[in-house]
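To keep things clear, I will list the structure first and then write my remarks on it.
Side-chain atoms are counted along with the backbone in the values below, which use heavy atoms only and exclude waters and symmetry mates. Note on naming: letters A, B, ... go to the chains in the order of the sequence lines (proteins, then strands), and numbering restarts at 1 for each one.
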Amino acid sequence: MPELPEVETIARGLAPGLVGRTVLDARFLCPTVLADCPSPDVFRAGIAGRRIDAVRRRAKLLVIDLAPAPGNDYPAHVAVHLKMTGRLWIAQAAAEPPKHVRFQLFLDDGHALFFQDQRRFGNCRLVADLMSWPFFAALGPEPLESDPKALAARLGKKTARIKALLLDQTVVAGVGNIYADESLFAAGIRPDARACDISPARRKKLFAALQKILARAIAAGGSTIRDYRTPEGLEGGFQNDFSVYGRGGQPCPRCGLPLSVTKVAGRTSTFCPGCQG
DNA sequence: CATGCGTCCTGCTTGC
DNA sequence: TGCAAGCAGGACGCAT
């Protein structure tokens with residue numbers, strides 16, 4: 001469930017405890033959490049002795065930038081995808097890992113980064129060159145760093161449903177089901193509308209609304225539906241500001257009609273049949 | 001190429 | 001009260 005605002009909150013929360021530290025080792029409590037790597041030992045050797053230069057977000061990925069080190073004489077990155085239920089926090093290295101902890105990164109100050117993931121959808125990987133990773137190279141623009149008009153132009157001739165395109169990480173990066181539904185409501189667009197049937201002005205309005213909603217969600221520390229927590233263990237606050245997500249059957253906050261629930265692009269989609277159309 | 005759909009995974013919720 | 005089916009959803013593999 002962590003989408004752009006949640007991963008941004010996590011990156012900001014982890015940075016003070018990680019940046020400047022040196023990585024000593026890693027431990028995998030679940031073998032499948034490690035993606036695109038021949039073995040845990042290859043990963044461990046690849047990170048050992050490196051200093052953490054930065055902790056940042058790209059799309060829904062948490063990216064840890066690692067400096068070169070003796071024996072590892074090139075920059076590298078650890079990329080973590082939290083998917084639905086992933087959580088990250090820093091604790092004493094000797095702390096007993098709670099249930100569903102899949103991975104630990106041990107630091108030179110006696111602490112460790114813990115990665116917990118109940119549903120095992122999440123993963124982490126060690127990447128020397130991010131752009132040689134096809135998924136990363138194909139990511140679309142960051143919505144908060146782009147002109148809404150330029151984003152709108154990216155889907156001008158597409159016939160797919162607008163909801164499917166918002167969720168497509170190559171169209172725009174970092175949007176998931178929550179912020180897709182919320183921005184479609186704000187722009188007055190049905191989730192099952194075909195992109196080519198939406199006027200350029202309304203498509204621009206959609207991305208302007210997306211920017212505003214993402215910024216407000218980051219300011220609130222993200223949205224907690226069930227599993228998401230900040231690195232400090234706190235729930236987000238933006239779930240209290242939802243207009244439609246998870247509110248099927250309840251009155252539309254704008255017109256009072258009951259909100260409809262459908263499946264679009266295989267995802268539950270909530271919208272107002274009066275305001276979006 | 002573009003689009004759409006089934007699959008993975010596990011714990012909570014719903015329904016009989 | 002108990003148990004099974006349903007549901008959540010990001011990315012990917014495959015079908016059309």
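In this structure, L165(A) places its CG atom 17 Å from P of dC1(B), rounding to the nearest Å. In this structure, D117(A) places its CG atom 14 Å from P of dG10(C), rounding to the nearest Å. Atom-to-atom, CG of N123(A) to C1' of dA11(C) comes out at 9 Å; the value is rounded to the nearest Å. In this structure, R161(A) atom CZ and dT3(B) atom P are separated by 11 Å, rounded to whole Å. Atom CG of L82(A) is separated from atom P of dC9(B) by 18 Å (rounded to the nearest Å). The CE-P distance, from M84(A) to dA11(C), rounds to 9 Å in whole Å. Straight-line distance from the CD atom of Q116(A) to the P atom of dG11(B): 11 Å, rounded to whole Å. If you measure from atom CH2 of W133(A) to atom C1' of dA11(C), you get 11 Å, rounded to the nearest angstrom.
Not one side-chain nitrogen or oxygen of K263(A) sits closer than 4.0 Å to the OP1 or OP2 atom of dG9(C). Applying the 4.0 Å criterion to OP1 and OP2 of dA11(C), one finds that H81(A) has a side-chain N or O inside that range. A sub-4.0 Å separation between OP1 or OP2 of dA11(C) and a side-chain N or O of K60(A) is present. For dG11(B), one of the phosphate oxygens OP1 or OP2 lies less than 4.0 angstrom from a side-chain nitrogen or oxygen of H100(A). Proximity of R119(A) to the phosphate of dT7(B): no side-chain N or O atom is located under 4.0 Å from OP1 or OP2.
When distances are taken from the side chain of K99(A) to each of dG11(B), dG9(C), dG10(C), the shortest belongs to dG11(B).
Within 4.0 Å of Y228(A), counting heavy atoms only, lies no atom of the nucleic acid at all. T268(A) comes within 4.0 angstrom of the backbone, heavy atoms only, and of no base. As judged by a 4.0 angstrom heavy-atom cut-off over every strand, K157(A) is placed among residues making no nucleic acid contact.
A 4.5 Å side-chain heavy-atom check between N123(A) and L34(A) finds every atom pair outside the cut-off. Residues K83(A) and R119(A) are not in side-chain contact: their nearest non-hydrogen atoms beyond the backbone lie 4.5 Å or more apart. F115(A) is not listed as a side-chain neighbour of R87(A), based on a closest heavy-atom distance of 4.5 Å or more.
In this view, E6(A) and Y179(A) satisfy the side chain to side chain donor-acceptor pair (under 3.5 Å) rule, not counting sequence neighbours.
Taking the six-membered ring where the residue is Trp, the centroids of F43(A) and F28(A) are separated by under 6.0 Å.
Between A160(A) and R226(A), the residue anchored closer to the 5' end of DNA chain B is A160(A), taking for each the nucleotide with the nearest heavy atom. Heavy-atom nearest nucleotides on DNA chain B were determined for Q118(A) and for G266(A), and the one closer to the 5' end corresponds to G266(A).
Residues of residues 168-181 of chain A that place a heavy atom closer than 4.0 Å to DNA chain C, in numerical order, are Q169(A), G176(A), N177(A).
For R267(A) against dG10(C), a side-chain N or O and a base N or O form a donor-acceptor pair under 3.5 Å.
By the stacking rule of 5.5 Å between ring centres and under 30° between planes, F121(A) does not stack on the base of dA11(C).
A donor-acceptor contact closer than 3.5 angstrom is absent between the side chains of D41(A) and S39(A).
R125(A) forms no cation-pi arrangement with F136(A), by the criterion of a distance under 6.0 Å to the ring centre and an angle within 45° of the ring axis.
Checked for salt-bridge contact, D147(A) and K149(A) miss the test: no charged N lies under 4.0 Å from a carboxylate O.
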